[in-house]
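Here the structure is laid out as C-alpha cells; the discussion comes afterwards.
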Amino acid sequence: MSKSIKVFSPATVSNVTCGFDVLGFALEKPGDIIVARENASKGAHINQIIGSQNIPIDPLENVATVAANALLKHLGSGAGIEFTLYKNIKPGSGIGSSASSATAAVFATNQLLGTPIKNSFDLLPFAMAGEQIASGAFHADNVAPALLGGFVIVRSNDPLDVIQLGTPPDLYAVVIHPDLQIKTAESRKLLPKQVPLKDVVTQTGNLAGLVAGVLQHDYNLIGRSMKDVIVEPARETTIPGFKELKKAALNAGALGAGISGSGPSVFALCKGATSAQKVLDSMKSAYQNTHIQFDIYLSAINKRGTIEILD
Ligand code: ADP
C-alpha cells in the first residue's frame with residue numbers, strides 16, 4: 001500500500017490590533033486537515049475536497065497544490081502526491097483559511113518525502129508561494145503562526161525574518177465569524193495612504209507593549225496594548241455590529257478585541273478559560289441581535305503549529 005501522511009494546520013489571527021501585517025497567532029481550533037498519499041502521476045494533485053464546494057480543485061488554483069508543487073520544484077523531486085483536503089476553515093473568513101491549507105500541504109509533502117527540509121522555518125517560503133495566489137501578496141503573517149504555533153512576528157517578508165514569541169500559558173481567544181463576504185483586496189483599499197506621526201508613535205508603543213506582554217506573560221500589559229489607532233478605524237464599518245461586539249467582549253472581561261486579519265472575523269483575547277466562556281456568551285448574545293448567521297469559537301492559543309496526526 002502507498003504511504004500516507006495526515007496533517008493538521010491551525011487557523012490563525014493576523015494583525016492582532018496594533019500589529020498590522022507583522023503579528024499573528026495560531027488557534028487550537030478550527031484547522032484544516034490534509035491526507036497526502038504517494039501517487040504515480042508527477043506533482044501534487046487534489047482528489048477530493050471535503051467541507052467546502054467553493055474552492056478550486058485545479059492544482060494551479062488551489063493554494064495547497066501550488067504550495068506543495070513549489071516545494072517539489074525546489075527539491076527537484078519527480079514525486080507524485082495526491083491530497084484529500086478536509087476544509088474546516090471557511091474560505092474568506094479572515095482566520096487564515098488559505099494559509100492553513102498551504103501550510104498543511106507543504107508540511108505533509110515534506111514528511112512524505114522523508115523530511116528533506118529539516119527545519120520548519122525553511123518550509124515557510126513554499127507555504128507563502130501558495131498563500132500568494134489567494135491573497136496576491138507574498139506574506140507570512142498567517143502561514144508563519146500556522147506552521148510554528150504561538151505568537152509570531154514577521155519582521156520582514158523579503159528577506160524573510162520571522163520571530164517566534166510563544167504564548168502566555170493562560171491566554172485564550174474567542175473568535176466570531178459572521179457569515180459575510182469581505183474581499184481582502186477591497187478592505188486594503190480602505191487603508192489610509194498616509195498616517196500622522198503621532199498615530200505611528202502610539203501604534204509603535206502599543207505593538208512594543210503587546211510583544212513585551214506576550215513574552216513576559218503580562219496579561220494586563222497585553223490588554224493595555226491591544227489598541228489600533230490606524231487600521232481598525234478605517235475598516236470597522238465593513239463589519240456590521242463590530243463596535244457592539246467589541247464592547248460586549250470588553251464588558252465581559254476580555255483583555256482586548258479587534259478585527260482578525262481583514263475581517264469579517266472578530267477576535268478577543270482573554271485570561272483563562274472561564275473568562276473566555278463569559279466573553280463568548282456576551283459576544284454571541286450581542287451578535288444575535290444582528291440576525292446575521294455566525295460561527296463562534298473558544299480556543300486556547302495553539303503552541304505546536306502544524307503537526308502530523310497519528311491515528
Ligand atoms: P482567508 O484569509 O480566509 O484565507 P483569503 O481571501 O485570503 O481568505 O483566501 C480565500 C481565497 O483563496 C478564495 O478565493 C479561495 O477560493 C482561494 N483558495 C484557493 N485554495 C484554497 C484553499 N485550499 N483554502 C481556502 N481558500 C482557497
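Computed from heavy atoms alone, side chains included, the values below leave out hydrogens, waters and symmetry copies. Counting convention: from 1, in listed order, for ligands and their atoms alike.
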| query | So which heavy atom in the protein is nearest atom 13 (C) of ligand 1, and how far is it from that ligand atom? | reply | P91 CB, 4.7 Å
| query | Would atom 7 (O) of ligand 1 count as contacted, meaning some protein heavy atom under 4.0 Å? | reply | yes
| query | What is the nearest protein non-hydrogen atom to atom 24 (N) of ligand 1, stated with its residue, atom name and distance? | reply | K87 NZ, 2.9 Å
| note | V143 and A99 have their tightest heavy-atom pair at CG1-CB, 3.7 Å
| message | Assess, by modelled atom type and distance only, whether the side chains of N54 and S52 contain a donor and an acceptor separated by less than 3.5 Å. | response | no
| message | Hydrophobic cluster membership, with links at side-chain heavy-atom distances under 4.5 Å among I/L/V/M/F/W/Y: are I153 and V231 in one? | response | no
| said: Checking a contact table here: which protein heavy atom is nearest atom 5 (P) of ligand 1, and how many Å away? | reply: S98 OG, 4.0 Å
| request: Considering only non-hydrogen protein atoms, determine which one is nearest to atom 1 (P) of ligand 1 and report residue, atom name and distance to 0.1 Å. | output: S97 N, 3.6 Å
| message | Under 3.5 Å between any N/O of D32 and any N/O of ligand 1: does that happen in this structure? | response | no
| remark: From the list N206, T204, V200, side chain to side chain contact (heavy atoms under 4.5 Å, CB included) partner of T202 resolves to N206
| request: Could you say whether the N/O atoms of A134 and ligand 1 ever approach to under 3.5 Å? | output: no
| query | Under 4.0 Å from any heavy atom of P56, which atoms of ligand 1 are there? | reply | 16 (O), 19 (C)
| request: Could you tell me which atoms of ligand 1, counted from 1 in the order shown, lie closer than 4.0 angstrom to a heavy atom of I55? | output: 15 (C), 16 (O), 22 (C), 23 (N), 24 (N), 25 (C), 26 (N), 27 (C)
| note | A student checking ligand 1 against L85 at a 4.0 Å heavy-atom cut-off should list atoms 23 (N)
| query | ligand 1 versus E61, non-hydrogen atoms closer than 4.0 Å: side chain, backbone, both, neither? | reply | backbone
| message | For atom 10 (C) of ligand 1, what's the nearest protein heavy-atom neighbour? Residue, atom name and distance, please. | response | G92 N, 4.0 Å
| task | For the residue pair K87 and S97, confirm or rule out a side-chain donor-acceptor distance under 3.5 Å. | result | yes
| request: Measure S101 to ligand 1 on non-hydrogen atoms and call it side chain, backbone, both or neither using the 4.0 Å cut-off. | output: side chain
| said: A side-chain contact here means heavy atoms from C-beta on lying under 4.5 Å apart; do I176 and Y287 qualify? | reply: yes
| request: Any chance you could measure D170, atom CG, to Y219, atom OH, to the nearest 0.5 Å? | output: 4.5 Å
| Under the 4.0 Å line, does any protein heavy atom show up next to atom 21 (C) of ligand 1? | yes
| For ligand 1, which atoms sit closer than 4.0 Å to a heavy atom of V63? | 19 (C), 20 (N), 21 (C), 22 (C), 23 (N)
| task | Would you indicate which of N54, T65, N62 comes nearest to atom 23 (N) of ligand 1 when only heavy atoms are counted? | result | N62
| request: Decide yes or no for P10 and T306: does some side-chain heavy atom of the first lie under 4.5 Å from some side-chain heavy atom of the second? | output: yes
| query | What atoms of ligand 1 come closer than 4.0 angstrom to any heavy atom of S93? | reply | 3 (O)
| query | Parallel, tilted or perpendicular: which describes the rings of F267 and F25, with under 30° parallel and over 60° perpendicular? | reply | perpendicular
| said: Taking salt bridge (charged side-chain N to carboxylate O under 4.0 Å, His left out) as the criterion, tell me which of K227, K243, K246 meets it with E232. | reply: K246
| Is L147 reachable from L75 through a run of hydrophobic residues whose side-chain heavy atoms are each under 4.5 Å from the next? | yes
| request: Please say whether A64 places an N or O atom under 3.5 Å from an N or O atom belonging to ligand 1. | output: no
